[in-house]
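One-based numbering, in listed order, for ligands and for the atoms of each.
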Amino acid sequence: MSILDIRVLGDPVLRKPTKRVTEITDELKQLIADMFETMYAAEGIGLAAPQVGRAERLAVVDVDGAKFTLINPQVVTRDGLDEKAEEGCLSIPDIYGDVERRGTVTIRATDENGVEYEATGQELLGRCFQHEIDHLDGKLFIDYLSPLKRKAAMAKWEKAKAEYPGFIRKVRTEVKGEHHHETEM
Ligand code: K2U
Ligand code: ZN
């Protein structure tokens, strides 16, 4: 398995419509495994295929150990109250903003074995489902911010994006246990 580069805001792939998955090939299964590994290395709870440069309807989620592979996901119902919570995005590092979403969402998707399933998510899981499915429609959480908040976020991003030449964010693995001490003088 490998840790993939994450595409950041400005890369057109994040706004491209994604293609439905028509065949679950070994290559796609490898991509799913790499997306999980990349998500964990980036300390995320979700990751969508466009974020690793693939314009396909595929995302992965792991909220408190509840793991989901979302192939061709769709929202079936949105219920509950509108809930506002702060969101971030692995493709827009260090930018956060309050996003209002329905509290409960039921989705229908296919898993990596080609089995179709439905899942209902509330709170963080429900929000993550909606955040990832938005990615597959080229939608980002900053699109929900008020014009003023979005302007501020974009101004901050204009400065920060210099750290990501080619709109690429390299994900580093945290090497467990190895800590570098200053050499004793
Ligand atoms: O898709 C992504 O960019 C990963 C997102 C998913 C997400 C954002 C906001 C709310 C729910 C899910 C995150 O950056 S993953 C980072 C994170 C970790 C714990 C809690 C919230 C966000
Ligand atoms: Zn995101």
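At under 3.5 Å, a nitrogen or oxygen of Glu132, whether backbone or side chain, sits near a nitrogen or oxygen of ligand 1. When only interatomic distances are considered, the shortest N/O to N/O separation between Gly44 and ligand 1 does not fall below 3.5 Å. The shortest N or O to N or O distance between Glu86 and ligand 1 is not below 3.5 Å. In terms of polar-atom proximity, Gln51 is counted as a contact of ligand 1, with an N or O under 3.5 Å from an N or O of the ligand.
We find the CD1-CG distance between Ile92 and Asp94 to be 11.0 Å, quoted to the nearest 0.5 Å. Once rounded to the nearest 0.5 Å, the distance linking NZ of Lys16 with CG of Asp11 reads 9.5 Å.
Geometry about the Zn ion (ligand 2) gives an angle of 100° between NE2 of His131 and NE2 of His135, rounded in steps of 10 degrees.
Of all heavy-atom pairs between Glu56 and Ala49, the closest is O-CB, 3.5 Å. Across Phe141 and Ile95, no two heavy atoms sit closer than the pair CZ-O, 3.5 Å.
When hydrogens are left out, the protein atom nearest atom 3 (O) of ligand 1 is Leu90 N, 2.8 Å; that is the closest non-hydrogen contact. The nearest heavy-atom contact from the protein to atom 17 (C) of ligand 1 is Ile45 CG1, 4.1 Å. Looking from atom 5 (C) of ligand 1 to the surrounding protein, the closest heavy atom is His131 NE2, 3.9 Å.
In this structure, Asp82 and Arg102 have side chains that are in contact, with non-hydrogen atoms separated by less than 4.5 Å. With contacts defined as side-chain heavy-atom distances shorter than 4.5 Å, the pair Tyr164/Pro93 qualifies. Residues Leu90 and Val171 form no side-chain contact, since every pair of their non-hydrogen atoms from C-beta on lies 4.5 Å or further apart.
Less than 4.0 angstrom separates some heavy atom of Cys89 from each of these atoms of ligand 1: 3 (O), 14 (O). Less than 4.0 angstrom separates some heavy atom of Gly46 from each of these atoms of ligand 1: 1 (O), 2 (C), 4 (C). Each of the following atoms of ligand 1 lies closer than 4.0 Å to a heavy atom of Gly88: 8 (C), 9 (C), 14 (O).
Using a 4.0 Å cut-off between heavy atoms, Met39 makes no contact with ligand 1 at all.
Figure legend: Lys139 and Tyr144 shown as a cation-pi pair, the cationic atom lying under 6.0 angstrom from the six-membered ring centre and within 45 degrees of its axis.
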